[in-house]
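Notes follow once the structure below has been shown.
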Amino acid sequence: MPAANSIDEPILTVKDLNISFVSKYRDDRQVIRNVGFEIRPGEFVGLLGESGSGKSTLGNAILNLLTPTARVTSGELLYRGRNLFTIPAEDLRILRWSEISTVFQSSMASLNPVMTVRAQMEDVFAAHRGASGAKREMTVEKSLDLVSIDHKYLDFYPHQLSGGMKQRVALAMSVLLSPDLIVFDEPTTGLDVVVQKSILSRLKTLQESMKFAVLFISHDLGTVMEMADRVMIMYAGEVVENSPAADALSGVAHPYTIGLLGSYADPRDAEINIRYIPGRPPSLDSVPVGCAFADRCGLATQECREPKIPTAEIDSPAGHRSIKCVLFGSETSDPLPAPTIFDEVGQQIDVHHAALGAGEVVCRVEDLNKTYSTRKGLKHTENHAVIGVGFELRKGSVTALVGQSGSGKTTIGRILTGVEKPSSGTVTVAGVDVGSLKRRTLRNYRSKVQLIFQDPFQALNPASSVGYAISRPLVNHRKLRGSEVREEVDRILGQVGLTPPSEYRDRLPHELSGGQRQRVVIARALAAQPEIIVADEPISMLDVSIRAEILQVLNELTRSNGIAMLYITHDLLSARLIADEILVLHEGKIVETGSTNQVLTQTRHDYTKLLLSSIPNPWQSRRNVPSIPAASSTSARA
Amino acid sequence: MTEVETLVPRETPPDRPAKTVKRRNGWQVVWSNGKARTGIVILALFVAVAVCAPVIAPFNPKDSTLPPGLQPGGAYLLGTTNLGQDIFSQLVYGAQVSLIVGLLAGVVVTLIALVIGLVAGLLQGVVDEILSFSINLALVVPALPLMVTIAAYSPVHGLSLIIFVIALTGWAWGARMKRAQVLLLRSQDFVTAARFSGDGLWRIVFRELVPNMVSLVVAGFMGAAIGAIGAEAGLSFLGLGDPSTVSWGSMSYWANSNGAMLTGQWAWLLAPGLALSLLITALTLINFGIDALSNPQLREE
Amino acid sequence: MKKTTKIVLMCTGFAMVLTGCSPTQTVNSGTSSGNAGMISQLNFGDFGGGSNPQVNFNPFSPNKLSGTNLIFESLMTTNHANCDSVPDLATKMTWSQDSKTLTFDIRDNVKWSDGKAFTADDAAFTFNLMKKYPAIDSFGLWKVLTDVKATGNTLVMSFNTSGIPFQQQITEQMIVPQHIFETAGDPKTFVNGTAIGTGPYVLGTFNPRQLTMKRNADYWQADKIKVEQIQYTKADGGGQVDQLKLANGGYDTNAMFIPQVEQAYVQKDPAHNKYWFPAGSSITLDMNLTKKPFNDVNFRKAISGGIDRKAMIDKAELGYVTQASQTGLKLPIQDSWLDPSVADKGMVAFDASKADAALTAAGYTKDSSGTRLGLDGKPLTMSFKVPQGWNDWVQAAGLLQNDMKNLGISVDVQTPAPSVVEDARATGNYDMVFGVQGGECNMYRNFAFPLGSSFSAPVGQKASSNFARWQDPQTDKLLGELAAAPDADSQHKIVSQIQQIMVNQVPMIPLWYGAVWFEYRTANAVGWPSKDDPYAYPGDQLLWLTHLTPAK
Amino acid sequence: MLYFLRKTGLFVLTLWAAVTLNFLIPRLQPGDPAEAIVQKLAGQAQQVDPEQIRAIRLMLGVPDTSLWNQYWDYLNALVHGNFGLSYGYFPYSVTHMIAEALPYTLTLVGVTQIIAFVAGTGLGAWAAWRRNTKIDSFISLGSTFLSTLPFFWIALMLIYVLANTLHWFPEGGAYSGEIVPAFSSGFVADLAYHAVLPALALLITGSIGWILGMRNNMVQSLGSDYTRLAVAKGLKERRVAWTYAARIALLPNFTGFAISLGGVFGGTLIVEQIFSYPGMGKLMYDAIGNRDFPLLQAIFLITTVAVLLANFLADVLVGVLDPRVRRQSS
């Protein structure tokens, strides 16, 4: 436990850190640029950034776990005054875990698959026999109690535990030696929203009782803002803002922070407003001179392109703020910019809704059941994935199918697309029962139904060009030939916003960003001119700042082309944004259904309520902060 | 995940033209690997020697009119055999056989493995069961004894036999790998997407699956070629090859059975072994580069 | 881990060297010290039995170990250098006038090595055992034998036809002790580990690596045996390793092929290392006489002259052999059988241009590209099957391929496994193969096996020895007369006529005499048969063992 | 249960297929064992009496029934464990000959395989642990180079240098002739002395695969999150290297090792041939030359069954060592 008198002394100080990835075969890439910050005892610090911002490298650097190709080119990493980069290896080893411990992103991979939970936890004690008496008070059992895991799981192997349990084990392991600082690297990514919520609240409780400091690395600003005392926002290898959480939410912050926050809202609000930041972060090979964010910033001026961008040091009632933006000047005496100017940051998404029940029914699902039977030895188990589900899809309208993982929502999507056969019940499209289709007729059916996948990285053949991917439905389903194909490909590329088409037609998927790929996937689905599109979590793998943008594209295209869309998601906020009707699925059954507004504002079922409460909302836990400042002003304008 | 920076592809904002994007095709990835580059250069040298053998070799390798049993030196760079054949010329011509065996056996093995792997991976049920069973069977039947037996009892000896024997015993591993790869690929979203795009089976196989197996296929080919060259040498050394073809294996065989060790004709025994070693080294080095294609973790950074 | 283990292994190795645990090169040839006038030990090299020899001293077994012929004796011993029959267990052999009865006088005072007396009954038992078990009657003696009976110290054999062609096989049959073999059960599967015999040596020690034979002090001519012990050592690795051992003086005698024998063996110790490679059977070019163009005598004659036998002898055979006579005789040993009218003793001279002309004259013209055409106008191509691993033959075939190429004929040399060649040869499914013919003392066997129509078979069926499928009534008639010819004169006459057939009809083309390998060292023992003193053949061990004396 | 049944069924089916292949392969080719024996006896300088072939054929009892009948007899004999008499070593039984050869092969090849595996794995792990250092390049480049040398060539060089030139070791054989094979210390020492060169040849070539394989696996497991977490936990280097990185990297090698141990029963043809080591490989080579079908069949069968069994046991063993697999198979 940190001594009382050191409460204001930082336990960790990072000074002017620069890290590059070096390679014999290409220029060095500087991934961490002049980063400096402090963490004080018991402080909960969030480190935020999109993929590629360097936040994980920074986390690894603090743990001194950089891969051999990463070089610290300059800077210091001081833990209670000792530079971790230079202290003797044995000193560092002893310091590890007893002072700084960590929880990695995926405990699937971070627990040794061939050792029991107990063995892996006891390893820590074996390695730190010299740890002080206080630290020995904790036992393996006690730590499990802290995260509410039954002791019997100690003798289990990691693969026998669920993802959430593994992460709790990792959490328990991290506090074994009562460290003063724990680094969490995306600890809940990949977990179900409800599980995520429970783990985070457990972490918060533990932190409050054990008083360790936390560095919480995440891409999810909403989650971090709920918990952190202070947040650091990274962009292109730099910390662009380092502020108390309350200040970051105040509406006066780095434009990038504002932009990121624009992606969050409470879906229950009568009117919500979501903004996104157009464009992509720069490649680390060629970070532009001056402010790296300038290219995407609506407020950028000539000043932002100057080589030296000053960092404003601001004292606020909540604490100290550092913001690297010309808007804030360089002197503490400089006045804060007015909140209203941030209205220009990011772009508001523009979505349309159809009235419930409008449009002709193109697909009718009646009393759908799907049972998987598995045989294990002589034991025969049945798993009812879908139970008595029925709904309709209408032309030009979006139906959201909302549920946790394992709720059966993906199975419904697969049945609807003819990939799987239902156990009973019917899916009728244009008078034909999809379940009865054979090979030949199924192919015809697929021209009417298209899929948009969750993972844009998997959905495109890495070996084929964008133009080829989009041309296939044109050739196969629409029987276009020669120049017709080419013209149509270009037209569709334009529709999904990949302009000029000539720029994208011949590219291979790996040359595109995640958002661009998802646009290509959408384009391919559109190319078949389907009547129905099934979109399975189409934005969950994308960076937060561009999710809204993709939603907008989806919304626009289904409605303007008169397509019925089944939007499968776990995320009620995104459902709120584009769906006309929401079906809430729980354990294979539809537990609540109705128009979007009805479901969200007059929620009846507890499960829906649970889902709603799991949505990260930066403002939720800080009711003292005015709600959605940017939203009020822009909605007025809309 | 570690090193997110290196794994996430480089991204270009839509508003920025993509001219900065350099496409690194397979060849460039392999060539950028220092080891592979060395291997390619050595291999190219061997190919050159094999192609230009008639120019490089001072004598016909089978011409037995030279003075027999000479030590290296003078007109006979590596001496002559007991039959009066020029060893250096034999060495030069031997490159042809090794390269041809490597190439042909590699192609045959790879083709068999690819076809069986594809069919087994694509067709489920009985066909897959039978093919998987054959693969497993072929993997457990001891290869060398089988090779030796077939080679020993074959009515005809020659390159085609060697290639046949190598193909017969060497396809299974590749087939298993390729089957696994097909199973992995066919469950990928982009294959589903191709089906939804209305593509037929053959198009899916040749446009979606095969292009994504290229590095595996090439690596399999290199492995098979290395194995084939080694097997040819081994079989020839056991006297089971075609003793009338001039290959490095048969040179070793003749050197050994004619007492090169005894009479001190070092070059006769040493040269073919070293040449083999150098050729296999070259191919192994190239394989490192190809590994890097399929396994980015092994890429040299 | 690896390091330590290796060191341990090395240490064991070194420790053994240091403690005198003898490395191989001291497993050396014998020494002549010991009893005055005696040779304490000679090293004879390999003792057969494959890679993992097992006890087998059964004279009837094809897998018997070397040394079995020193334990057992036959009625007479053939001296292959001059084809004389030398008395052994029999002192005398008499043929009846009609060649249908053979009487042996059995030697007295011969004892089995277990002390029991050897009698004519043992000899009779041996032959009658072969009657009971045809599988051990290797030469099919009971096809002609009708009865074998011992009376006192004589052994009388009766034949249903002339027994002369079988004389050598009968006299050379090793005689086994009745008191052991009659209780041994099936002689096919008996391994005879006690090895009780009458011969000059008895079994010393045996393990799969080494076999020693001890001098039998009770041997009936023990006074002539000066070698106390004979040691056989398993050949290591064959080829090179064994050759090296030979060159380093590891063997007192051996019968192995060694390349460049002068350089690799004699030069290593010119005072003691000697060799003599006398002639064995003829190595012939056997042509499938049922096929074109081999069925044309003119063709056969022509290509015979186009074969550079000297090149084969010098290159493929390393000069170890001599050219074979077209007569089919083994010269010079069988010089006395030579028909004087045969020019140059039947040695065909190499003359490519003459052969070329002869072929053209016989109707085998060349086309514009120099390809020789058959009588049907198609290019002449033929295959030549050579057993894989028979390296000198493979190389000789390569040379023949060259010779034929010079004549415009393309020959495809194939090297399948030996058994495949045998199969092809027996069934007549070949163009050309090498054959091993003649070279025996018995003229009937020399010519009947390759030329007799009864040893042939139609193509597709297995011929027993006339693989070329020479079918000639005249030859058959002569062979019949030869089998029955009682005296040397009549035999000579018939053999002369057969030589004429060989020379004029060329049913096969003898190329060279296969060499009988024989290396010996005079460091410990002298008196070996040699080129200069060919009193016996290398295979006549009993004959030269009684000649060996200690080196000075 | 079902998993086990299926596995066993597959095992039996594979066994049957292997047994049938063993029967067919030698018989699909022409040739006659009796001829082979006579030819061998006669050599090149002596003409063959056709009667001899007849007699030997009679002696061996070479079957002349149909292939189908032979197959049934063969299966029947197999079930009764009766492999018959060897042709090449007649009148000794196949079982006897294998019992003679197997111990040599098992000790020489078995011991070297184990040493090669342990040493190779250790070196590979060490190279990976010290990756991108001089030690690593020495080990991985060195073993890569050695792996390219033809095996027979290495063996010949060893003989030439260590046996012929330096006379440190014998050129071949399993023991010297003077010694009576028995379980005496002298004989065992002599065996070990003779085994050094062939073992060295096997070690050089045998460990390379393990070195390179282990290095690759270990580099991967070193980069894995659980190893990095182990480092972050402040575990001692040894613990991280062995318990975390090496243990998992070892698992894929383990199956290969078990199978290679199964392959030991077949001996190593080239080594045994070059060093004239009286093991299974040499026995097989002779059997091929002699057309010794009964012996050849039995050797094939033993080898295949050993590999199959090893494969099967490896599956079971990996299940024990790797809890992930254990779960799938239970």
Side-chain angles (χ1 to χ4, degrees), chain A residues 21-25 29 31 51-52 54 56-57 60 67 69-70 105-106 278-286 295-296 417 419 443 446-447 449-451 453 455 458-464 468-469 472-473 475-477 497-499 503 507-508 510-514 516 521 524-525 527-528, chain B residues 1-26 28-29 31-34 37 184-185 187-201 203-204 206-215 292-294 296-297 299-301:
Chain A
F21 280 120
V22 294
S23 164
K24 266 188 270 180
Y25 300 97
R29 279 177 306 152
V31 290
S51 54
S56 283
T57 307
N60 285 336
T67 50
T69 52
Q105 173 174 359
S106 164
R280 302 287 310 134
S283 155
L284 289 168
D285 288 326
S286 53
D295 281 352
R296 300 171 74 190
T417 50
V419 176
R443 199 165 153 182
R446 281 177 182 154
S447 68
V449 180
Q450 289 288 306
L451 261 175
F453 301 87
D455 184 355
Q458 267 200 32
L460 292 172
N461 183 352
S464 300
Y468 175 79
R472 294 316 302 160
V475 173
N476 291 321
H477 294 314
L498 295 175
T499 48
E503 194 66 63
R507 293 233 215 145
L508 292 177
H510 73 263
E511 295 163 349
L512 302 176
S513 71
Q516 289 170 335
V521 174
R524 179 173 57 191
Chain B
M1 283 305 294
T2 66
E3 271 188 62
V4 172
E5 282 75 7
T6 57
L7 294 179
V8 169
R10 289 191 286 157
E11 292 164 346
T12 322
D15 51 330
R16 193 179 289 193
K19 292 202 176 78
T20 52
V21 175
K22 277 179 290 173
R23 219 178 254 186
R24 257 158 65 105
N25 61 25
Q28 283 164 333
V29 173
W31 183 253
S32 73
N33 182 304
R37 203 160 44 225
L184 185 79
L185 285 175
S187 66
Q188 298 264 307
D189 286 345
F190 67 80
V191 176
T192 313
R195 229 178 279 145
F196 275 86
S197 296
D199 282 342
L201 178 69
R203 190 172 262 276
I204 288 180
F206 289 107
R207 285 304 301 252
E208 311 292 327
L209 299 182
V210 173
N212 285 297
M213 295 168 69
V214 166
S215 65
L293 255 188
S294 48
Q297 267 191 317
R299 271 184 212 182
E300 291 189 16
E301 284 287 347

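In what follows, chains are A, B, ... by sequence order, proteins preceding strands, each numbered from 1. These figures come from a predicted structure and were not determined experimentally.
Here Q188(B) contributes atom CD and D455(A) contributes atom CG; the two are 9.0 Å apart, rounded to the nearest 0.5 Å. Annotation: the span from R446(A) atom CZ to D199(B) atom CG amounts to 11.5 Å, rounded to 0.5 Å.
For N461(A) (side chain) and R207(B) (main-chain N/O), a donor-acceptor pair under 3.5 Å exists by modelled atom type.
Contact annotation for A528(A): neither backbone nor side-chain heavy atoms come within less than 4.5 Å of a heavy atom of chain B. With a threshold of 4.5 angstrom between heavy atoms, V419(A) approaches chain B through side-chain atoms but not through N, CA, C or O.
Contact record, P211(B) with A463(A): CB-CB, 3.6 Å, taken as the closest heavy-atom pair. Of all heavy-atom pairs spanning A193(B) and F453(A), the tightest one is CB-CE1, 3.6 Å. Here the closest heavy-atom approach between residue R524(A) and residue S197(B) is recorded as CD-OG, 3.6 Å. Of all heavy-atom pairs between P462(A) and N212(B), the closest is CG-OD1, 3.2 Å. Minimum interatomic distance between F196(B) and Q450(A) (heavy atoms only, all atoms of both residues): O-NE2, 2.9 Å.
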